[in-house]
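Written out below as C-alpha cells is the structure these notes cover.
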Amino acid sequence: MENSDMISEVKAIRDFLGSQVTIAAHHYQHPDIIACADIVGDSYGLAVSTASSSAAYIIFCGVQFMAESARVLAKPGQHVLLPRLDAGCPMADMITRRQAAAVLQLIEDITGAAPVPVVYMNSSSEAKSLAGERGGSVCTSSNAVKVVREYLEEGRSIFFFPDQHLGRHTAKMLHMAPQSTAMVSSDFSLACQGDEKLARMFLYDGWCEVHQHFLPEDVAAFRTRHPESIVMVHPECMEEVALMADMIGSTDHILRAVSSAPAGSVIGIGTESTFVHRLASEHPDKIIVPLRESPCEDMCRTSLSNLLSTLREVLDHHDRGIPLRREVTVDDKVARGARRALETMIQITDGVKL
Ligand code: SF4
C-alpha cells in the first residue's frame, strides 16, 4: 500500500472516530507519523496533554515507558494503545525497581538519612512507582532542575536515576560542587570526589545509547567545517560534549531555539537524528545538521502501517467489540505509585494538581 493511501485511510478513520480518538506522537517519530498526529511533544508535554484528553482511545506513537505513563494518568474507561508493543528503551531497562530500592538503602546506610528518589521519565512504571511510594517524583529533561531544586531546598539528599548525564547536568545547573555528587554503579560501588556521607545527589550510571554516541570530536569537526555555527545538544549527551555546546536543552527547548534562530543560521544538533532531519526540512532557511547520525531504533520501529493497523483495531473495537491487541496495561498497585510520582512532577513543574 502506498504511503499516500495509508495517510488517507488514517485520516478517514480518524475523522470517523472524531473526538473518541487522540493520536499522540513523540518528536522522535517519523515525519509521516507526526503529520497524522493530533498532539506532538516531548515526554513531559505528551504526559500532560494525554492526561487532559477525554478521548476513549489514546494511540501513543512512541515507546513503552511513554505509553505506560499515559496509561497511568488516563481516566477510567480510556484505552491507551502502543502501535509497536516491542518499542522499548534500553535506558529504562538499566535499573529495576528492586535495584533502585537497594541503592536507596545503600545511600541511607551511608548518609544516615533516606534519600528522595527522583526518577527520569525514561524508566519503567515499577521504578516510577517506587519513587511515588517514597515521596519522590518523576522528572524529564525539561523540568529536572525544578524538581531536584524542590527537594534540595527541603534539605533532602537525592537519588537520581537512571540517566547519569542528565543528573550531572542538573547538578551543574544548580551550582552544586562536584564533591556534592556521587556516582552509584550497577554493581553498587560508589565514587565521590568528596566525603560520600556529605553528598547531596547520588547519580546512577545509566545512559541513553542514542545520545552517548556523540563525541567531542563530532563537535570539533562540525565547528571546523562551520566556524560561525551554533551547537545545541540534549542533556543526555556526555558532559565532555555538553561542555563544548552553545546550548544544552530538552527536545522542546532545542525545537524552540531552532525556530527562533535567525534565517541563515548554521546549527549542529546532538540529539536523535530523525528529529534533527525533520527540523531541517521544516526550516529550509537555516542549515540544520545532526552532529552525527544517531537514530533511536526503538522510536523508529513505528511505521505508518503500524499506525493504520492500530486505528483499524480501534475501529473494530468501537464498532464490534473486538478485543484490542495493542492496549497497554499497568498493574493497579504499580499504577498508583507511578501516578503519585507523575502527579508530583506536574505539580512541581506547573503547580497543577491532576
Ligand atoms: S532516545 Fe534514548 S532514552 Fe529515548 S527512547 Fe531511545 S534509547 Fe530510550
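Only heavy atoms go into these numbers, but all of them, side chains included; no hydrogens, no water, no symmetry mates. All ligand and atom numbering here is 1-based and tracks the order in the structure. Keep in mind that this is a model prediction, so the values were computed, not measured.
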Mind listing the side-chain donor-acceptor pairs of residues 189-198 below 3.5 Å, one per line with the distance, residues two or more places apart or on another chain?
{"unit_1": "S189", "atom_1": "OG", "unit_2": "D187", "atom_2": "OD1", "d": "2.7"}
{"unit_1": "D195", "atom_1": "OD1", "unit_2": "K197", "atom_2": "N", "d": "3.0"}

Name each donor-acceptor pair under 3.5 Å that joins a side chain in residues 79-93 to protein atoms two or more places apart or in another chain, with its distance.
{"unit_1": "H79", "atom_1": "ND1", "unit_2": "E327", "atom_2": "OE1", "d": "3.4"}
{"unit_1": "H79", "atom_1": "ND1", "unit_2": "E327", "atom_2": "OE2", "d": "2.9"}
{"unit_1": "R84", "atom_1": "NE", "unit_2": "D86", "atom_2": "OD1", "d": "2.9"}
{"unit_1": "R84", "atom_1": "NH2", "unit_2": "D86", "atom_2": "OD2", "d": "2.8"}

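Identified under the side-chain hydrogen bond (donor to acceptor under 3.5 Å, both in side chains) test for residues 45-56, with sequence neighbours left out: T22-S53.
Salt-bridge annotation for R223 and D246: present, with a side-chain N of the basic residue lying under 4.0 Å from a carboxylate O of the acidic one.
Looking at Y28 and V210, their side chains never come closer than 4.5 Å, going by heavy atoms from C-beta outward.
Classification of the Y204-F159 ring pair by plane angle, with boundaries at 30° and 60°, yields perpendicular.
Of all protein N/O/S atoms, those under 2.8 Å from atom 8 (Fe) of ligand 1 are C89 SG, and waters are not counted.
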